[in-house]
Amino acid sequence: MVKWIKLFIIPIASVLLVGCESTPKEKETDNTTASNDSTAYRGCNSIVTENPYDIPAQRFDETAQQLAHASGCFIETDLSKTGAIWVNAVKGEMSIRDAVLMAIRNTELEMKEEISEILVIGLLDSLNTDSD
């Protein structure tokens, strides 16, 4: 049984939940206008334009960590199953959701669930033989 632990860029017990609550620029935003200010919070569908993604093809755990640094979106995955899988390069301006989808396209990985601030990534159902 896998124990899910919320982490910030630190894998423990082969489970990864990476994310970043805010950048220093975002912390300066007045909380009274946060709901109307697109820089106050970045979720999984916010497009990153300040520093377009330029991530090479590499292992999924490395890509997930780099993607999460740029947003307020968390990526949840079981590293014992997904960490070593090689994924595609990600280049350009897009949301973290689209970046994750670009990275895992035509691999053994799929997006299992999308919750406003969390993307759950796992093995394709045809490859997942666990009976958790």
* Structure fact -> Heavy atoms of V90 and A103 approach each other most closely as CG2-CB, 3.7 Å

* Distance from M102 atom CE to S95 atom OG, nearest 0.5 Å? -> 10.0 Å

* Compute whether any side-chain donor of one residue and acceptor of the other, for T82 and T77, lie under 3.5 angstrom apart. => yes

* Say you draw a straight line from CG of L119 to CG of N45; how long is it, rounded to the nearest 0.5 Å? -> 8.0 Å

* I104 CD1 to L123 CG distance, which is reported to the nearest 0.5 Å -> 11.0 Å

* Structure fact -> Nearest heavy-atom approach of I118 to E76 is CG2-CB, 4.2 Å

* Considering all heavy atoms of both residues, which atom of Y53 and which atom of A99 are nearest to each other, and what is their separation? -> CE1-CB, 3.8 Å

* **Single-linkage hydrophobic cluster M111~V87, side-chain heavy atoms < 4.5 angstrom** => yes

* **Candidate pair V100 and I75, rule side-chain contact (heavy atoms from CB on, under 4.5 Å), full reasoning** => CA-CA 9 Å; V100 168; I75 299 172; 3.9 Å; yes

* To do: Supply the atom-to-atom distance N88 CG to I55 CD1, rounded to the nearest 0.5 angstrom.
  => 12.0 Å

* Asked: Which is it for I85 and R59 under the side-chain contact (heavy atoms from CB on, under 4.5 Å) test, yes or no, and what are the steps along the way?
  -> CA-CA 5 Å; I85 295 174; R59 291 169 30 134; over 6 Å; no

* Minimum heavy-atom distance M94-K91, with the two atoms named -> CE-O, 3.2 Å

* Structure fact -> Rounded to the nearest 0.5 Å, the CZ atom of F74 sits from the CG atom of L67 at a distance of 14.5 Å

* **Heavy-atom pair of closest approach, residues C73 and I96** => CB-CG2, 3.5 Å

* Asked: If you look only at pairs with a residue in residues 100-110, which of them pass as a side-chain hydrogen bond (donor to acceptor under 3.5 Å, both in side chains), with sequence neighbours excluded?
  -> E110-K112

